[in-house]
Amino acid sequence: MTSIDVLLKRNQELGDVTPGDRSSPRPSLQVAVLTCMDARIRVFEIFGLLQGESHVLRNAGGVVTDDMIRSLALSQRKLGTREVLIVQHTECGLSMVTEDDFKDELEEASGLRPTWAVEAFREVEDSVRRSVQRVRRSDFLPHTDNVRGFVYDVKTGHLSEVA
């Protein structure tokens with residue numbers, strides 16, 4: 001059985017047990033949470049979210065990239081979100097690679113060098129600050145006044161706000 005088969009079986013066994021409002025694509029809390037794809041970050045559990053309350057955007061590192069700005073622009077302009085919560089975390093895989101080394105590895109394996117940025121970093125707090133500033137400075141986002149960034153400790157579950 002593949003991992004996808006396991007997940008589909010679990011979904012079938014669960015049925016309709018997830019609480020929340022599914023009547024609208026507009027998040028009732030008017031917030032978008034942008035975080036890392038790391039499996040240790042269980043966004044709904046961390047914040048006690050119910051279905052329908054928040055948009056959840058994920059990518060490697062939880063960094064604000066052009067694609068995240070695209071998603072946030074749609075989230076704000078068409079679906080009513082007004083706040084952005086950025087959550088990066090301790091022990092992130094992006095802090096364990098370098099931009100050039102990873103691009104070199106991909107080029108060696110595929111013959112092509114990526115045109116996109118890896119967004120590798122050493123200090124997670126610095127990465128959070130950069131991401132918050134990218135949101136605040138974006139001309140595509142009408143709501144940039146309530147953007148906050150945090151570091152999630154994967155060992156303790158503690159959230160620390162980055163000033």
Residue set satisfying side-chain hydrogen bond (donor to acceptor under 3.5 Å, both in side chains) with Glu123, at least two apart, ordered chain then number -> none
CG of Asp67: more than 12 outside heavy atoms within 6.0 angstrom?
yes
Side chain to side chain contact (heavy atoms under 4.5 Å, CB included) filter on Ser75, not counting sequence neighbours, yields Ala32, His55, Thr81
Distance col, row Gln76:CD vs Gln30:CD, nearest 0.5 angstrom, shows 10.5 Å
Take a 6.0 Å sphere around CD of Glu161 and say whether it holds more than 12 heavy atoms from other residues, nucleotides or ligands.
yes
Applying side-chain hydrogen bond (donor to acceptor under 3.5 Å, both in side chains) to Ser71 and not counting sequence neighbours gives none
In terms of heavy-atom contacts, Met1 and Val6 come closest through SD-CG2, 3.7 Å
CD of Gln133 to CZ of Arg130, rounded to nearest 0.5 Å, is 11.5 Å
Cluster membership besides Leu7, Ile/Leu/Val/Met/Phe/Trp/Tyr side chains within less than 4.5 angstrom, sorted by chain and number, is none
Those residues at least two apart in sequence (or on a different chain) that pass side-chain hydrogen bond (donor to acceptor under 3.5 Å, both in side chains) with Asp38 are Arg40
Grouping ILVMFWY residues whenever side-chain heavy atoms fall under 4.5 Å, the cluster of Val33 otherwise contains Leu29, Val31, Ile41, Val43, Phe44, Ile46, Phe47, Leu49, Val56, Leu85, Val87, Phe150, Tyr152, Val154, Leu159
For residues 45-65, the salt bridge (charged side-chain N to carboxylate O under 4.0 Å, His left out) pairs (sequence neighbours left out) are Arg42-Glu45
Between the CG atom in Leu72 and the CZ atom in Arg134, the distance rounded to the nearest 0.5 Å is 12.5 Å
Sorted by chain and number, sequence neighbours left out, side chain to side chain contact (heavy atoms under 4.5 Å, CB included) with Asn11 holds for none
| field | Stepwise side-chain contact (heavy atoms from CB on, under 4.5 Å) test for Val151 and Val162 | value | CA-CA 7 Å; Val151 174; Val162 177; 3.7 Å; yes
task = Taking atom CD of Glu13 as the centre, report whether more than 12 heavy atoms of other residues, nucleotides or ligands fall under 6.0 Å from it.
result = yes
Separation between CZ (Arg122) and OG (Ser95), nearest 0.5 Å, reads 7.0 Å
Taking a hydrophobic cluster as the set of Ile, Leu, Val, Met, Phe, Trp and Tyr residues connected by side-chain heavy atoms closer than 4.5 Å, whether directly or through intermediates, do Leu34 and Met37 fall within one such cluster? no
Using atom types as modelled and distance alone, determine if a side-chain donor or acceptor of Ser131 lies under 3.5 Å from a backbone N or O of Val63. no
| query | Near Arg137 CZ, under 6.0 Å, is it more than 12 heavy atoms from other residues, nucleotides or ligands? | reply | no
Connected to Leu8, directly or through other members, by ILVMFWY side-chain contacts below 4.5 Å are Ile4
Smallest heavy-atom separation, Cys92 atom then Cys36 atom, equals SG-SG, 4.2 Å
>> I'd like to know if the side chain of Asp21 pairs up with that of Ser23 as donor and acceptor (distance under 3.5 Å, no hydrogens or angles considered).
In response: yes
* Counting only N and O atoms by type, is there a donor-acceptor contact under 3.5 Å from the side chain of Lys103 to the main-chain atoms of Trp116? -> yes
For residues 138-147, tabulate all N or O donor-acceptor pairs below 3.5 Å that involve a side-chain atom, not counting sequence neighbours.
residue : atom : partner : partner atom : Å
Ser138  : OG   : Phe140  : N            : 3.2
His143  : NE2  : Arg82   : NH1          : 3.3
Asn146  : ND2  : Glu83   : OE1          : 3.2

Here the gap from Leu57 atom CG to Thr35 atom OG1, rounded to the nearest 0.5 Å, amounts to 10.0 Å
Between Asp153 and His89, is any pair of side-chain heavy atoms under 4.5 Å apart? no
Got Glu125 and Gln88 here, is their nearest side-chain heavy-atom distance under 4.5 Å?
no
Sorted by chain and residue number, the side chain to side chain contact (heavy atoms under 4.5 Å, CB included) partners of Lys78 (sequence neighbours excluded) come out as Leu74
Applying side-chain hydrogen bond (donor to acceptor under 3.5 Å, both in side chains) to Glu107 and not counting sequence neighbours gives Arg113
